[in-house]
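Structure record follows, encoded as structure tokens.
Atom set for the values below is all heavy atoms of this structure, side chains included, hydrogens, waters and symmetry mates excluded. Remember, it's a predicted structure, so these values are computed and weren't measured experimentally.
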Amino acid sequence: MLAQTHTKLDSHFKELSRERISLGYPVYAFEHCLDAGQIEDVRNTLTGDFARRGSINRDHWLLWTVVAAETGYAYDGDEYWHSFQSDIPQKFSLANRETIRDWFRTFARQFNGFQPTGRWAAHFSIIAWPITHSILPKYLQSQFARHLFELRHELAARSSASIDQVGELLGNRYHGDSSRFENFLQQTALTARLVLALRDEDVQDKASPIFRPTLARIVRDLEQRGSARGYLRDARRVLREARLRTRPGLSAVPPPRSSMAPGERDTLAPAPGVKLIARRKPDDSWTLGVALPNFPALLDRTGIDAAMLDKSRARFAERPDGWMPGRALLSYSNASHALTALPAPLNEPVIRFRDTDEGIRPLVAHLTIQARPPWLLRVHDDGVARQVLGNHIRAGAEYILAADAEIDPDVAGALSLVEQLSHTSGIKFYHMAVPSVVPPTFIAAAQELSLGYALRAHVQAFGLTPRWDDASGCSVWLANEDILLRLSADFPVVEFSVSVDGGGAMQLPVHGAEGILISLGALELGRHRVVIATTAKPFAQHAASAKSIVPETIFVEVRPPTPWQRDATKRSGLRVVVEPNDASLDDLIEKRAFLTLHGPEGRTASAEAHVYDVAGHISSTSELGRLTLPSQDGAVARLIEKLSREPLSERIQSAPRVALSFVVDEMGAATAAFPHAVAPLRWKLTAKDGLATMRLVDEAGVAAGVTVNRFDMTAPDKRIDVSTESCLHGVAVSSPGSLFVARYDNKIYSAFASVPPKERLATLADLGTKIALASPGENTRGILRLLAMLRYWRRARPHGALAVIRKANVVSLFELQIERLACGAKWIEKTKQCREAGGQLEELQREVGGSPGFASRMRTTQWTWHSDIDKAHSEFFRIAKTYGVCTDRKICDLALRLAFRPVSIRLTDPKEGAHNFEFLGANPVLARGAYFAKMTSDLRFTESQPGSAL
């Protein structure tokens, strides 16, 4: 049976290869010709053969690749080989896994098979083959359908793009937080061909990039996934309509096409600089402001990586003390900023950077005010006055003139200017109403202020009211909206002439005096220039004005629709900033990083923690509390602290991704996501029939170079060697638990498994666990070993009930013993009394020793360890030197690090490290001073929190 099926598959894949090789389409192992029953028979027969032989048979290599691809299609995204063993219930060794990879490579050679590429494929060189050969695994199908839906118009606009270009678009435009889906999108050739196959499934006269029965199976599975069905249907409709439009002879009236060369389209980009706006207050006074650009789009246009913002701080020019993280600028996208004063000098940007290196410098030109005063601003129907570049006035329009000096009274009188109250320092506002019939004296006076006058067509949107982009001065339309315009003029018109992007002009005769309606049809995505010229009727009264008739130029921007939740977040002014920007959730919880929420002052945000499963779906949501904007450090710290408490802590530690979301009613939500990067090795705790098992998951096939140690919680510094092979299959863990440490390629992958006791608990005391160090050390030289153990335990990811609490107890034990060796047993007793028994801080201060002034300064100094570590080190050394405690800067730095954050100590030279700790052991006053500074700093922070007793 196996031999016959092998021969059938061999013929099938050869036929697929012959059909596609000239087209450059690869073949996938998932494109077999077997039905579900036949696959199940093959899988069962292979399992039996494997059990009898004790190894996998090379004669059946093609069957094994097909079965492996089937597992890749169905697995849940958590662990491939665990899913494989569920299908093939036999122990699969590392050698067998490598053999499967080799057979996929054989498949690629013999049948022009697909070869996975990218960082993920290089990192997970074994499982990358069966997963990519499954084309679109089930657990990624919902995400792919939604991603395809969100990019449907951009993909439709690129109907003639190459495979590489389509694949790169899919990968570059994904901004979600699923690392697994992001890894999948690295297979650009696969994803692009999948899009083409879904688009052209209804076309029977061409070779499909994917075997049609296989594609039909994927589509059936997609359509069974709720919202994915709707996403897929709409996306395919848009893509197919675009395909039909590009076919010659199918469209009666071709849509407007640009005659510009690709390089010429750059001239359509808005001029660099910010445009001015002015807003009227209820008391009829005016405030000058600037329309800020869409910063993400500006960064893309200028080729600046958003990560460059993290290296600098920014502020508005008139706010010298208003420094904020550079990334906070993103929250001001498409917003307006009121100016209390103009930048000085005027050619300076309205937003300044503390460190303007070459990476950020291109932004400066886009943040300066355009043109020179006086500025002409036209008052629109919404009451907002917006800058008119070119300073041309129109008959019957209303304007605001913004000047940096008083306008000549004679000119002001000729123009009937009325001065307005100004709330912007150094700016004078004048209101100007242009008459319907403009006399020559008015035009002459306007020219004194460098204002021009010309007759033009009037252009108004008809039907839908378009969005308006103040920063670029154009209307914004969606790709699925028809651009309808009403054309009229202040004078009798014979005809209008309309051209788009420099293309051929279309002549439109006018019958009557009400103007005409036109449709621009379906324009391509991007910015377009529309020029409307007019031909006036040859009446005598207009002969003098005919020379003043000039074409009207407007700009329209067409963009794809954006899901409202994502769009609201970009435009609402809400922004979460995490510093440093690459901080992990553990950094945030342990106060190595800080979170700030920027938003409208006085609004309240509801904070939530979303925990995601391996498929990228939210598995649980927990409310953390509420914040008043802008956020205060203390309030944020109290919310973050809740993440370290059970049961939320356990869910977080076992999740591949956690997101902190801050929701402000109709403004939407701002989110900070913290993915757990996919590591080549990870640990997984399972429990079955009362037995806890810790298993090492090796998705990268690197087990041959891995060593493993175990540290039981009852003796957390006692190393026990464990075989890697046994860890791959699972090691039993006894109560209360153990730390497992795997080492590979000079990296450590550790996890702590917490296991409840099997016996029934009689009292709360039974929850307690006796912990004792096997080698606590006798002097400061022993600190070196304890620091290594402390790092193992601190970085370990907790698994199981009470894991976070138990891990914290072990960490505290190590830190306490380190403090005992550095400061002495008596010091430990005194600090315990002070913390737990209500002892006096003055008594502990006397216990520091040395000069009384040294201990006093340790207590009264505002230590800046978390906000400015260099300043803290300098101050500690200065005080120690002043009071004759220590004059060695290196030893002072060591003492302060040991007290405030011992795991930050990295000793590249063990001998030098041992010498430094011996030196520190000979100066216990220095060590006790550092620990006293840490203790008083912690107390000061606790007392500063609301509700604390002072």
Quiz item: Would Phe752 and His799 count as a close aromatic pair, with their ring centres under 6.0 Å?
Solution: no
Exercise. For residues 723-738, pull every pair meeting side-chain hydrogen bond (donor to acceptor under 3.5 Å, both in side chains), keeping only residues two or more places apart or in separate chains.
Key: Asp712-Ser738, Ser723-Ser726, Glu725-His729
Quiz item: How would you list, by chain and number, every residue that makes a side-chain hydrogen bond (donor to acceptor under 3.5 Å, both in side chains) with Gln110, sequence neighbours excluded?
Solution: none
Quiz item: Could you give the distance from CG (Asp41) to CG (Leu46), rounded to the nearest 0.5 Å?
Solution: 11.0 Å
Quiz item: Under 6.0 Å from the CD1 atom of Ile21, do we count more than 12 heavy atoms belonging to anything else shown?
Solution: no
Practice problem: Return the orientation label for the Trp683 and Phe740 ring planes: parallel under 30°, perpendicular over 60°, tilted otherwise. | Solution: tilted
Quiz prompt | Any Leu660 side-chain heavy atom under 4.5 Å of Glu608 side chain | solution = no
Practice problem: Provide the closest heavy-atom pair for Phe184 versus Ile135 in the form atom of the first, atom of the second, distance. | Solution: CE1-O, 3.2 Å
Quiz prompt | All side-chain hydrogen bond (donor to acceptor under 3.5 Å, both in side chains) counterparts of Ser754, not counting sequence neighbours | solution = Arg806
Exercise. Take Val731 and Val722 through the test side-chain contact (heavy atoms from CB on, under 4.5 Å) and record every step on the way to the result.
Key: CA-CA 9 Å; Val731 178; Val722 185; 4.2 Å; yes
Quiz item: Where the side chain of Asp745 meets the backbone of Lys747, is there a donor-acceptor pair that is under 3.5 Å apart?
Solution: no
Self-check item: Beyond-backbone contact of His133 with Tyr28, side-chain heavy atoms, under 4.5 angstrom
Solution: yes
Practice problem: Would you please indicate yes or no on a ring centroid separation below 6.0 angstrom for Tyr744 and Tyr749? | Solution: no
Exercise. Could you tell me which non-hydrogen atom of Pro130 sits nearest to which non-hydrogen atom of Ala68, and how far apart they are?
Key: CB-O, 3.6 Å
Quiz item: So do the side chains of Phe144 and Leu232 get within less than 4.5 Å of each other, counting heavy atoms only?
Solution: no
Quiz item: Is there a donor-acceptor pair closer than 3.5 Å between any side-chain N or O of Ser17 and the backbone N or O of Phe13?
Solution: no
Quiz item: Under the side-chain contact (heavy atoms from CB on, under 4.5 Å) criterion, do Leu170 and His147 qualify, and how do the steps go?
Solution: CA-CA 8 Å; Leu170 291 168; His147 191 48; 4.1 Å; yes
Exercise. Start with the C-alpha distance between Glu223 and Arg220, add both sets of side-chain angles, then the distance that settles salt bridge (charged side-chain N to carboxylate O under 4.0 Å, His left out), and finish with yes or no.
Key: CA-CA 5 Å; Glu223 291 179 339; Arg220 282 196 306 271; over 6 Å; no
Quiz item: Hey, does Ile127 have a side-chain heavy atom less than 4.5 Å from the side chain of Phe124?
Solution: yes
Quiz item: For the atom pair CG (Leu148) and OH (Tyr231), what is the distance rounded to the nearest 0.5 Å?
Solution: 12.0 Å
Self-check item: Test item: Asp102 and Arg105 side chains (from C-beta on) under 4.5 Å apart, heavy atoms
Solution: yes
Quiz item: Just wondering, do Thr693 and Val733 contact through their side chains at under 4.5 Å, heavy atoms?
Solution: no
Self-check item: Working for side-chain contact (heavy atoms from CB on, under 4.5 Å), residues Lys8 and Gln4
Solution: CA-CA 6 Å; Lys8 176 181 178 180; Gln4 292 175 340; over 6 Å; no
Quiz item: What is the minimum heavy-atom distance between Ala69 and Ser134, and which atoms define it?
Solution: O-CB, 3.3 Å
Practice problem: Would you give the length of the straight line joining atom CG of Leu151 to atom CZ of Arg146, rounded to the nearest 0.5 angstrom? | Solution: 12.0 Å
Practice problem: Give the intermediate values and the outcome of side-chain contact (heavy atoms from CB on, under 4.5 Å) for residues Leu16 and Phe111. | Solution: CA-CA 8 Å; Leu16 284 181; Phe111 306 119; over 6 Å; no
Quiz prompt | Arg18/Glu15 ion pair, N-O < 4.0 Å | solution = yes
Exercise. Measure from the side-chain N and O atoms of Thr214 to the backbone N and O of Ile210, and report whether any donor-acceptor pair falls under 3.5 Å.
Key: no
Quiz item: Quick one: side-chain hydrogen bond (donor to acceptor under 3.5 Å, both in side chains) partners of Gln141, sequence neighbours excluded?
Solution: Tyr73, Arg225
Self-check item: Asn172 side chain to Glu168 backbone, donor-acceptor under 3.5 Å
Solution: yes
Quiz item: Quick one: are Asp698 and Ile126 in side-chain contact, heavy atoms under 4.5 Å?
Solution: no
Exercise. Classify the ring geometry between His32 and Phe30 as parallel (under 30°), tilted (30 to 60°) or perpendicular (over 60°).
Key: perpendicular
Quiz prompt | Leu681 to Ala742 - nearest heavy-atom pair and separation | solution = CD1-CB, 4.5 Å
Practice problem: Please examine the side chains of Val706 and Arg743, heavy atoms only from C-beta on, and report whether any two atoms are closer than 4.5 Å. | Solution: no
Quiz item: Quick check: does any side chain N or O of Asp721 sit under 3.5 Å from a backbone N or O of Asn709, one acting as donor and the other as acceptor?
Solution: no
Self-check item: Point-to-point distance, once rounded to the nearest 0.5 Å, from CD of Gln187 to CZ of Arg193
Solution: 11.5 Å
Exercise. Looking only at non-hydrogen atoms, find the nearest pair between Arg20 and Ser208 and report the distance.
Key: NE-O, 3.7 Å
Quiz item: If you measure from CG on Asp49 to CG on Leu63, what distance do you get to the nearest 0.5 Å?
Solution: 10.0 Å
Practice problem: To the nearest 0.5 Å, tell me how far Ile720 CD1 sits from Arg710 CZ. | Solution: 4.0 Å
Practice problem: Assess the pair Phe211 and His12: is the distance between their ring centroids shorter than 6.0 Å? | Solution: yes
Quiz prompt | Glu31/Arg217 ion pair, N-O < 4.0 Å | solution = no
Quiz item: Which residues pass the side-chain hydrogen bond (donor to acceptor under 3.5 Å, both in side chains) test with Ser125, sequence neighbours left out?
Solution: Arg101
Quiz item: Which residue pairs satisfy the side-chain hydrogen bond (donor to acceptor under 3.5 Å, both in side chains) criterion with at least one member in residues 52-67, sequence neighbours excluded?
Solution: none
Quiz item: Minimum heavy-atom separation for Ala796 to Ser750, with atom names?
Solution: CA-OG, 3.3 Å
Practice problem: Without swapping roles, check the side chain of Glu98 against the backbone of Ala95 for a donor-acceptor pair under 3.5 Å. | Solution: no
Quiz item: Under the 6.0 Å and 45° cation-pi test, does Arg152 pair with Phe149?
Solution: yes
